[in-house]
Amino acid sequence: MIYRRLFDFPTWRFRSPFGELERMRRQMDRLFEDAMTPHQLPQAGVFPLINLTEDKDKYYVRAELPGVKGDELDIQVTGNNLAISGERKIAAEKEGTRYHRREREAGKFSRIIGLPGDIDSDKVDAKLESGILTVVVSKAEAAKPKQITIRS
Amino acid sequence: MADTQSKELKVREKQEVTSPAEQTTAGLVFTPAVDIFETEKEITLLADIPGVKADDLIIDLRDNTLTLSADIFPVENPNEEDILVEYETGRYFRQFTLGELINQEKIDAKLNDGVLRLSLPKVEKATPKKITVKTG
């Protein structure tokens with residue numbers, strides 16, 4: 001008699017209150033998320049932030065990298081992936097300087113972007129202009145849209 | 001300094017300006033990240049302003065207020081379509097109040113790879129001048 005009571009008693013009694021709390025917590029999280037981030041852009045959360053655009057023949061990958069020199073950047077293409085890595089350096093100032101503000105940051109970064117279509121890895125061009133990196137990647141012949149004429 | 005050189009860079013959102021005065025031109029306005037440091041002779045300001053050409057940068061020092069304002073040049077061709085947009089672009093604007101007197105004629109500004117380096121030399125302290133009072 002007593003065994004039976006011990007075994008089937010806790011299952012419904014103790015599990016449900018925590019389940020209810022967990023459900024409430026999830027609801028609260030969702031509520032806060034909506035309230036705190038009204039219009040956030042979709043982000044991978046990896047430096048540098050990327051804008052990707054395309055036209056008929058090419059993909060354009062852009063990133064803001066102020067103060068990064070071309071030889072400090074490493075750009076590689078593997079399959080449909082574009083890897084951008086490098087290091088942002090901020091030169092040390094003379095001895096005896098007193099800092100009032102320090103908002104700019106130095107450090108290493110590395111990011112891989114998967115491009116949505118097939119690319120021609122021989123035709124990749126990168127340039128840095130005024131701190132903006134632009135990588136122009138040609139689409140593979142098969143991935144380019146073909147104009148179909150309609151016969152009447 | 002050594003530890004800041006090796007760390008991984010984290011994503012930081014561009015700060016949009018929330019000024020009480022409304023902008024008269026359309027488009028977004030951002031606050032550039034800056035470093036400000038001082039030696040005995042000058043104050044130096046470094047600002048990250050990617051996408052700005054030297055001609056589009058306005059630096060203005062009036063009374064004790066230093067104003068940075070910069071227009072960006074468009075990088076996208078008109079026939080490009082967005083696939084992924086992680087950051088937005090727009091003008092830059094930021095103001096600073098300077099505590100020291102600045103020698104306006106010797107202000108020097110350089111713009112390299114999207115980083116502005118602004119040197120503001122301090123006015124040399126006037127050497128005390130002895131005035132002799134003549135009698136007679």
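Convention: sequence-line order gives letters A, B, ...; per-chain numbering from 1. This is a predicted model, so every value here is computed, not measured.
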Tell me whether A:Val61 shares a hydrophobic cluster with A:Leu49, the cluster being built from Ile, Leu, Val, Met, Phe, Trp, Tyr side chains joined at under 4.5 Å. yes
Tell me, side chain or backbone of A:Leu128 under 4.5 Å from chain B's heavy atoms, or both, or neither? neither
If I measure from the heavy atoms of chain A, does B:Glu76 come under 4.5 Å with its side chain, its backbone, both, or neither? both
Counting heavy-atom pairs under 4.5 Å with chain A, the top scorer among B:Val34, B:Ile72, B:Thr39 is B:Val34
A:Asp57/A:Lys139 ion pair, N-O < 4.0 Å: no
Is the shortest side-chain N to carboxylate O distance from B:Lys10 to A:Glu105 below 4.0 Å? no
Name the member of B:Asn77, B:Val75, B:Ile43, B:Asn112 that forms the most heavy-atom pairs with chain A at distances under 4.5 Å. B:Val75
Look at the side-chain heavy atoms of Ile, Leu, Val, Met, Phe, Trp and Tyr, link any pair under 4.5 Å apart, and say whether B:Tyr87 and B:Tyr92 land in one connected group. no
What about A:Ile75 and A:Val68, same hydrophobic cluster or not, with Ile/Leu/Val/Met/Phe/Trp/Tyr joined at side-chain heavy-atom distances under 4.5 Å? yes
Please determine, among B:Asp113, B:Asp82, B:Val115, the option with the most heavy-atom pairs under 4.5 Å with chain A. B:Asp113
So, are A:Lys127 and A:Asp125 salt-bridged, with charged N and O less than 4.0 Å apart? no
Sidechain-backbone polar pair: A:Arg111 side chain, A:Pro48 backbone, donor-acceptor under 3.5 Å: yes
Region of B:Leu111 that comes under 4.5 Å of a non-hydrogen atom in chain A: neither
Option that, when pairs with chain B are counted at under 4.5 Å, heavy atom only, ranks first among A:Ile50, A:Ile132, A:Asp55: A:Ile50
Write out, in numerical order, the residues from residues 52-70 of chain B with a heavy atom short of 4.5 Å from a heavy atom in chain A. B:Val52, B:Lys53
Using a strict cut-off of less than 4.0 Å between a Lys/Arg side-chain nitrogen and an Asp/Glu carboxylate oxygen, indicate whether B:Arg117 and A:Glu93 qualify as a salt bridge. yes
So does A:Ile112 get a backbone contact from the side chain of A:Asn81, meaning a donor-acceptor N/O pair under 3.5 Å? no
